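Because the structure is predicted, anything quoted here is derived from the model rather than measured. Within every chain, numbering begins at 1; the chains are lettered A, B, ... in the order of the sequence lines, protein sequences first and strands thereafter.
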Amino acid sequence: MRPFYVTTPIYYVNDKPHIGHAYSTVAADVLARYAKLRGRPTRFLTGTDEHGQKIEQRAKELGKEPQAFVDEMSPPFAQAFRELGCDFDDYIRTTEPRHEAKVQELWKILAEKGDIYLGEYEGWYSVADEAFITETELKALDEVTRSKVQLVKEPSYFFKLSDYTDKLLAFYEQNPTFVQPEGRFNEVKAFVKEGLRDLSVSRTSFTWGIPVPGDDAHVMFVWFDALTNYMSALGGPAKAGEAALYDRFWPSAANGAEVVHIVGKDILRFHAVFWPAFLLAAGLQPPSQVFAHGWLTINGEKMSKRYGNFIPPGPLVEAFGADVVRYYLMREVGFGQDGDFAHKQVFARYHGELGNGLGNLLQRIVASILKNEFGGEVPAPNAIGDEERELVAVAEKAAAAAAQHLDLVGPHRALDAIFELVAAANRYVDRTAPWALAKAGDKERLATVCYHVLESLRWLSVMLAPFLPEKTRALREQLGLPPISPTEALDQWPKAGEFGGLPAGTKTAPGAPLFPRFDPKDEAAILEKLGANKPAEPATKAEKKSKEKKVDEKKPEATEAKAVAPTETKGAAKAEAPSTIVFDDFVKVDLRVGLILEAEAVPKSDKLVRCQIDLGEEKPRQILAGIRLHYAPEALVGKRVIVVANLAPRKMMGLESHGMILAASDTEHGLSVLRLEKDIAPGTRVS
RNA sequence: GGCGAUGUAGCUCAGAUGGCUAGAGCGGGCGUUUCAUACGCGCUAGGUCGCAGGUUCGAUUCCUGCCAUCGCCA
């Protein structure tokens, strides 16, 4: 069987783990567990990306050594993934010697082949993105990011990417599923077709990176470093016989291995263009496939630092259990598309599919009929009829379809197919009415019915194992079956003709419901605890967008208002304001206590003052206010003011403002900023 | 601006090389069962398949234009 090697991106340790990281990793875990179940030699890698200027700076801000900083930041990722039931085979950190050595080796190979040369680079470098950016991009940046863009002119090594335009296009041609989904592949091709420029692959402006071999003044471009993790974790590049894992799992003519990189759509280019180019240059085989999944929004809102709505997986796991979170992530969103993580939907899927569908199926047969009529022992089936044939047909079809979808990296479709069997089994129970058979004393027929339901459950326990490792274990335990132990070269996926593998005489062990129902109170409590109690949610994408648009359209008017600045409103904003508003409307305006940390006059403007205001968020916000004529900037520092925190961002004098300071004015007194009499903590909601 | 894509039931999405009554899940409504986690099962939802033209015996499915949305253009 073809070896299978699946990877997640390595996560940049500047962030803490959130649901986005979890999403990639769970997807990879599902694919790995599936491959293992099918008996394929399988390896699943995840890890952390720990070099780069951003890390260096962050560590410095915290007064730490970079290594100490990343040593602190990396383990929570591994921890979070384990809590989610992710069973990775290796966890690589780019600061490990095993990685650094291999990255340097790859570099040397490219240098020796003449694909790396020393030149000079001049351009805008964004620390936040760890990449040089274009003028266009520069203009589009928000202020926080732009403040970290530098015009850099420095000696730099370049990779001769320009030589690989045609080679990459030819490679894409030969590998028509190299990038998935297809739409993304088209973008990649379009990008390459425009012609590639050489790629700067080293920096001299900071030191937190892997040194360029033979030139200590340079450290490697983080992406060169990071991408190589997929190979270094296997011990490659290496000569045949030097690294067993590499020989086995990195694709070559000899092993026929399949490598799938799961990535977010934002980092597709690095994986679909640069990485294969490096490998082609080194004479190595590129990965088999790069699968770009979409973004998750949270209850309809974009995740971002600004909104502070990154949700860590921990509390979700605590509330729902790892399997339920995994299930939701894999079920709700079409893999490859953007999707929404909506807490309410989690309950809906939990109750509707897992509880009522699957859990109840187990309960209604094992804990009652079987226990009462057969002493909990699996009976041997007797003559079967159309109902049984139909059920078996559905089971076989579901198994085949689910396998096919998983082979093509479509976990949501696989689950869809699998749950066809759940529905069919429930239907089967209704039609055959085992309770009536019991009453009538028809044990023979009853045995057949019970057997078919139990065998269906057994199939489900296998097919759902990649998604619900814990719950399927519990399910099997109740069925009296041992946990599945994946075995290389043994394909354990259920197949046509195999219905009936459950041995008669198996002692079942009825237990607690697999997916106990949350009563509405618990539900509310959980939502409350997770901070997911949104008053009103935007009804549809379209509606939401049009609402946001209205806000934009209103911007010009907003300028007339005293204080300045605009907003990140999500929705709200009625076209015409009624004379009175309900409370719900009021709370749409997010008023917060802000502590002015810095204030300075905006050059070339006689009104604007640029403030950095602490709103209790991770970072202070930049807010512009037209109050210079009334306040000296330095006099504002340390003042507590009222800020509209959910106003859409707006640019003024080339600077972006992320909120608005409230003030009032009249002709007699001039302008007065609203201030607090007491030292209420920054970020406190005003109501 | 260039390139690409999308626009189908309240929601999330399938689908048709053009042709009988356009589908699924969820939600809603109605009914029903009682083995089971107030669970299950059955029925139901009258959606101009974005808008306007064109090709055709016939288009929601092909073509053109328009509108809207989205993605990519280091």
Side-chain angles (χ1 to χ4, degrees), chain A residues 123-126 129 131-138 161-162 179 181-200 223 265-266 268-270 272-274 292 294-295 300 331-334 336-340 342 344-345 347-373 412-413 415-417 419-420 422-439 446 449-450 453 510-520 537-546 548-549:
Chain A
W124 296 98
Y125 186 77
S126 163
D129 299 333
F132 281 94
I133 61 171
T134 60
E135 292 281 331
T136 331
E137 282 179 311
L138 180 67
L161 187 61
S162 58
V179 175
E182 214 179 315
R184 296 280 159 207
F185 202 4
N186 290 337
E187 288 172 8
V188 168
K189 287 177 191 163
F191 172 75
V192 174
K193 271 183 195 150
E194 301 217 335
L196 298 168
R197 296 204 297 266
D198 288 350
L199 182 71
S200 170
W223 277 104
K265 62 183 183 180
D266 55 322
L268 178 59
R269 172 173 311 151
F270 299 102
V273 180
F274 300 167
W295 287 129
R331 182 74 187 85
E332 177 76 8
V333 183
Q337 294 175 286
D338 289 346
D340 187 39
K344 267 176 70 179
Q345 275 297 103
F347 285 109
R349 296 234 178 243
Y350 178 85
H351 285 136
E353 295 164 2
L354 294 174
N356 301 348
L358 177 62
N360 186 47
L361 176 64
L362 173 72
Q363 209 67 12
R364 70 193 298 203
I365 200 83
V366 171
S368 62
I369 307 255
L370 192 75
K371 190 170 152 198
N372 299 335
E373 302 298 321
H412 62 295
R413 287 178 190 263
L415 282 170
D416 204 31
F419 271 75
E420 288 290 324
V422 174
N426 271 316
R427 227 177 295 135
Y428 173 77
V429 173
D430 268 64
R431 279 188 202 156
T432 54
W435 53 92
L437 295 171
K439 204 168 282 177
L446 188 58
V449 168
C450 285
V453 178
L514 239 37
F515 303 98
R517 185 157 259 284
F518 291 98
D519 71 40
E537 42 194 281
T540 71
K541 268 189 205 164
E543 192 180 329
K544 211 175 78 197
K545 299 230 166 87
S546 78
E548 277 171 3
K549 200 147 181 232

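Here the P atom of nucleotide rG2(B) and the CD atom of E194(A) are 13 Å apart, to the nearest Å. At whole-Å resolution of the value, CZ in F191(A) and C1' in rC72(B) are 10 Å apart. Rounded to a whole Å, the CD atom of Q345(A) is 8 Å from the C1' atom of rC11(B). Residue K193(A) contributes atom NZ, which lies 14 Å from atom C1' of rG2(B) at whole-angstrom precision. Atom CD in E420(A) sits roughly 14 Å away from atom C1' in rC26(B) (whole-Å rounding). The distance from atom CZ of R413(A) to atom P of rG25(B) is 16 Å, rounded to the nearest whole Å. At whole-Å resolution of the value, OH in Y350(A) and P in rC26(B) are 18 Å apart. If you measure from atom CG of D340(A) to atom P of rU12(B), you get 10 Å, rounded to the nearest angstrom.
Using modelled atom types, no side-chain atom of D338(A) and backbone atom of G294(A) make a donor-acceptor pair closer than 3.5 Å. Judged by distance alone, with hydrogens and angles left aside, the side-chain atoms of Y350(A) form no donor-acceptor pair with the main-chain N or O of R517(A) at under 3.5 Å. Side chain of D416(A) to main chain of H412(A): no donor-acceptor pair is present (N/O by atom type, distance under 3.5 Å, no hydrogens or angles).
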Base versus backbone protein contacts along nucleotides 32-42 of chain B [heavy-atom cut-off under 4.0 Å; B, S, -]: -SSBBB-SBSS

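Annotation: rC39(B) and rC26(B) have their P atoms spaced 13 Å apart (nearest Å). Comparing the same atom, C1', in rC11(B) and in rA74(B) gives a spacing of 38 Å after rounding to whole Å. Taking the P atoms as reference points, rU12(B) lies 23 Å from rA52(B), given to the whole Å. rG46(B) and rG10(B) are spaced 14 Å apart, taking the C1' atom of each and rounding to whole Å. Using atom P as the reference point in both rA16(B) and rC72(B), the two lie 28 Å apart (nearest Å). Nucleotides rU48(B) and rC35(B) have their P atoms positioned 45 Å apart, rounded to a whole Å. As rounded to the nearest Å, rG40(B) and rG19(B) have P atoms that lie 37 Å from one another. Separation of the C1' atoms belonging to rA5(B) and rU37(B) is 44 Å when rounded to the nearest angstrom.
Counting any heavy atom pair closer than 4.0 Å across all strands shown, L196(A) reaches a base atom. Within the 4.0 angstrom heavy-atom criterion, no nucleotide atom of any strand lies near R349(A). As judged by a 4.0 angstrom heavy-atom cut-off over every strand, G195(A) is placed among the base-contacting residues.
Each of N426(A), N356(A), V366(A) was compared with L361(A) under the side-chain contact (heavy atoms from CB on, under 4.5 Å) criterion, and only N426(A) meets it.
In terms of heavy-atom proximity, P181(A) sits nearest to A292(A) at CD-O, 3.2 Å.
Interatomic distance, CH2 of W435(A) versus CG of N372(A), reported as 14.0 Å (0.5 Å rounding).
Between F270(A) and F274(A), the two ring planes are perpendicular [angle over 60°; tilted spans 30° to 60°].
The shortest side-chain heavy-atom distance between W295(A) and V333(A) does not fall under the 4.5 Å cut-off. Two residues are said to be in side-chain contact when any heavy atoms from C-beta on lie closer than 4.5 Å; R364(A) and I369(A) fail this criterion.
For the pair G183(A) and V188(A), nearest-nucleotide mapping onto RNA chain B gives the more 5' position to G183(A).
Contacts of E373(A) classified as side chain to side chain donor-acceptor pair (under 3.5 Å), with partners at least two apart in sequence or in another chain: none.
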Base-pair map of RNA chain B as dot-bracket, where | denotes pairing with a different strand and pairs are Watson-Crick or G-U under 3.5 Å: (((((((..((((.....[...)))).(((((.......))))).....(((((..]....)))))))))))).

